[in-house]
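These notes concern the structure reproduced below.
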Amino acid sequence: MSEKFTVVSYKKNSSYSEQDEAEMANLLKVVEKFTAKICRTFSDKMVEATRNNNKYVILFKYNDDPEKGELFNDKIDDIPTKYILSGAWIRNAQRFFPSQKCKSVGSRILEYISDKKFNNGIDIVSKQKYNVSVFHYKNKTSIFSNGIIVSRDGIVYK
Amino acid sequence: MSNTKTFESENSSLSFNERIQLAIKERAVIQEEYQNNKKIEAIDIINTIEKFVSDLLANDNLTKLFIKAIHNSNNNSRRKVVELFTFNAWNELGSIYNQTIPSVGIEGKRYSTKYILSGGYKKLTDKYVLEKSTTVKELLEKELKTDKYHNGKDPETGNDYHVCVFWRKTGRSTFKNGIYISRDGIAYT
């Protein structure tokens, strides 16, 4: 058996990685901006839902499937809404940023509405915890449109 | 001019809790208004049905129809029915007629005949005017059971009268949509 062997080293493709990181940084910015925009509507929508006795609040809706009707909100700052809402980017983002920064849209909203300002995330009428449900694909049994809803009746809609 | 109602709870300078408390109070008012409107609607539907049935029977109309049916029917024919009212609400079934029934109490309002004949309002009237809640069929049956109509028995055939109400047509439908009184003892459905 030959004593000789070759060591092959792979040079990290720094330019690819940097580009990837930049893309992820941009995506995080978009997610933060999008979540902040959604959160700003929470108070008004929750007050309206209380007035109308609705069991849940629709914070955001989108359609990216032409077969299901007219497209709307299918992209957020040129990034597919499905990609943002599904959280498929989180693993990739965690390669470059601390986990704390790579939270999903749903958990960001939940964190926001769990604040003291919003009765610690407990609905004042039903005394149930607000639950955030994010829908990013539809099947035959789907009841809700794709998007983000917050339930007031303690049910985690799936 | 916009008719959009504004609410105190829309004031975003208030805290979330204050706004929710206001919304709870507003909801009570909204629900009361809603219930009142629904009750008015329920009462109007019942009044409309009563008027509709009384119009159908006015001027001895039904008696005249029974007599005409006896005059025109063949002794041997098995099917003996009286056509009291018909309607058509669908273009594909021919020309539209008697598609709606005018409300008695609400000016300009018309109820779809299908809604009235099918008893689609029953859940509403049961909830708000249970003691008066009824259907066209029940009202006609009640009327037919009086002395005036031989206590609901056809004098010729000896069979009970049956009120048959049709509001949807299928490929197998024999009768037009509307109200028929059968004299041959068969409750046509």
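The basis for the numbers below is simple: all heavy atoms, side chains too, and nothing from hydrogens, waters or symmetry mates. Just so it is clear: chains get the letters A, B, ... in the order the sequence lines come, proteins before strands, and each one is counted from 1.
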Are B:Ile49 and B:Ile106 grouped together when hydrophobic residues (ILVMFWY) are joined by side-chain heavy atoms under 4.5 angstrom apart? yes
Between A:Phe144 and A:Val57, is there shared hydrophobic-cluster membership here, with clusters defined by ILVMFWY side-chain heavy atoms closer than 4.5 Å? no
Are there over 12 heavy-atom neighbours, none belonging to A:Lys37, within less than 6.0 Å of that residue's NZ? no
Can you hop from A:Phe42 to A:Leu110 via hydrophobic side chains spaced under 4.5 Å? yes
Is it the case that one hydrophobic cluster holds both B:Leu65 and B:Leu117, taking links as side-chain heavy atoms less than 4.5 Å apart, direct or via other members? yes
Quick one: what part of B:Ile30 sits under 4.5 Å from any heavy atom of chain A, side chain, backbone, both or neither? side chain
Can B:Leu139 be reached from B:Val104 by stepping across I, L, V, M, F, W or Y side chains whose heavy atoms are under 4.5 Å apart? no
Short of 3.5 Å, which donor-acceptor contacts do chain A and chain B share? List atoms and distances.
{"unit_1": "A:Asp44", "atom_1": "OD1", "unit_2": "B:Arg19", "atom_2": "NH1", "d": "3.0"}
{"unit_1": "A:Asp44", "atom_1": "OD1", "unit_2": "B:Arg19", "atom_2": "NH2", "d": "2.6"}
{"unit_1": "A:Arg51", "atom_1": "NE", "unit_2": "B:Ser9", "atom_2": "OG", "d": "3.4"}
{"unit_1": "A:Arg51", "atom_1": "NE", "unit_2": "B:Glu26", "atom_2": "OE1", "d": "3.0"}
{"unit_1": "A:Arg51", "atom_1": "NH2", "unit_2": "B:Ser9", "atom_2": "OG", "d": "2.8"}
{"unit_1": "A:Asn53", "atom_1": "OD1", "unit_2": "B:Arg27", "atom_2": "NH1", "d": "3.4"}

Aromatic plane relationship, B:Phe16 with A:Phe118 - under 30° parallel, 30 to 60° tilted, over 60° perpendicular: perpendicular
Which residues in residues 71-90 of chain A have any heavy atom closer than 4.5 Å to a heavy atom of chain B? none
Atom OH of A:Tyr56 with >12 non-hydrogen neighbours under 6.0 angstrom: no
